[in-house]
Amino acid sequence: MKTERAEMIAGEPAQDVLKKLVRIHQGSEMHWVGNGFPVRSVFDYNGLGRELSPFLLLDYAAPRPFPPGDEKRGVGAHPHKGFETVTIAYQGELEHRDSSGGGGRIGPGDVQWMTAGKGIVHEEFHSRDFTRTGGTLQMVQLWLNLRAKDKGAKASYQTLLKAQIPVVELPQGPGTLRVIAGEFNGRKGPARTFTPVNLWDVDLAAGTSAEFPLPSGHTSTFLVLKGEVTVNGGRNAGEGDLAIFDRAGDAIHVKADTDAKILVLDGEPFDEPIVGHGPFVMNSRAEIQQAFEDYQLGRMGELAG
Ligand code: MN
């Protein structure tokens, strides 16, 4: 493993320069979002929004069993504006519905990619079947910022089913990588994004390792979803930990000390003011006030029936 660029030798490709690990970040204690989502706030826009641009927030619901039930579990109608929410289901089944007419049901491996844009109202629940049968829930919700020029985009919705998400075998066989967004080894993910983003679900077998090329200048980070890993041959990270890298460099190196699963978040940062309040993330206080007013006046739409 190279930690510095090798001297260029005529005719030989340059070695990747590893992005320096800045730190291992740990999120908050678990709290409930509504009555359905026991999440740890791994980070949010008030703490790391600038450092991790374009990523604003990451909530992680670690595996947790739910008994069979009758009462709906989740969060009722609420607004968003100025960014996108990306929900990845790992275990259990979720159902969303929004004022743009979007919505759907996602199970293990599926993803919902919602563009709140200029304003949306939605609800997020466990699916009716999953509530009735009970079972283990594990999921992630990521908030992805939009540039100022895209914050007024029309609200929209993409359901990315497991079957649409390419699974790439990693070189030399350490495991697999699902390209949800962006590209890996020439394979493109199905998500349509406003700015360059790589979102990869990676599974590594115990004792193996892999190097992941990530563009220099991008914000690069990963969340450990299962197991223990060693980062760039140095520090260890476990379930719920977020590894944050320097923007300079071309790659990161991950060794799986046990069977491990990580979610790689990588994106082109943008240097614009981040002013957030609750479900809205804009560029100024005036825009936040406007968002509250728009919501109260029904300008973000309503859920049907
Ligand atoms: Mn929401």
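Note that ligands are numbered from 1 as they come in the structure, with each ligand's atoms numbered from 1 the same way. The model shown is predicted, which means the values in this text are computed figures rather than measured ones. FYI, side chains are in, hydrogens and waters are out, and symmetry mates aren't considered; it's all heavy atoms of this structure.
Between NE2 of His80 and NE2 of His122, the angle at the Mn ion (ligand 1) works out to 90°, rounded to 10 degrees.
Counting just the N/O/S atoms of His78, the one with the shortest distance to the Mn ion (ligand 1) is named NE2. Residue Glu124 approaches the Mn ion (ligand 1) most closely through its N/O/S atom OE2.
Ring geometry for His126 versus Phe130: interplanar angle of 30 to 60°, hence tilted. Ring geometry for Trp143 versus Phe83: interplanar angle under 30°, hence parallel rather than tilted (30 to 60°).
Checked against Phe245 for a side-chain contact (heavy atoms from CB on, under 4.5 Å), the options Asp266, Ile252, Thr219, Leu18 give a single hit: Ile252.
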List the steps, then state whether salt bridge (charged side-chain N to carboxylate O under 4.0 Å, His left out) holds for Asp150 with Arg147.
CA-CA 5 Å; Asp150 297 321; Arg147 284 184 178 275; 5.8 Å; no
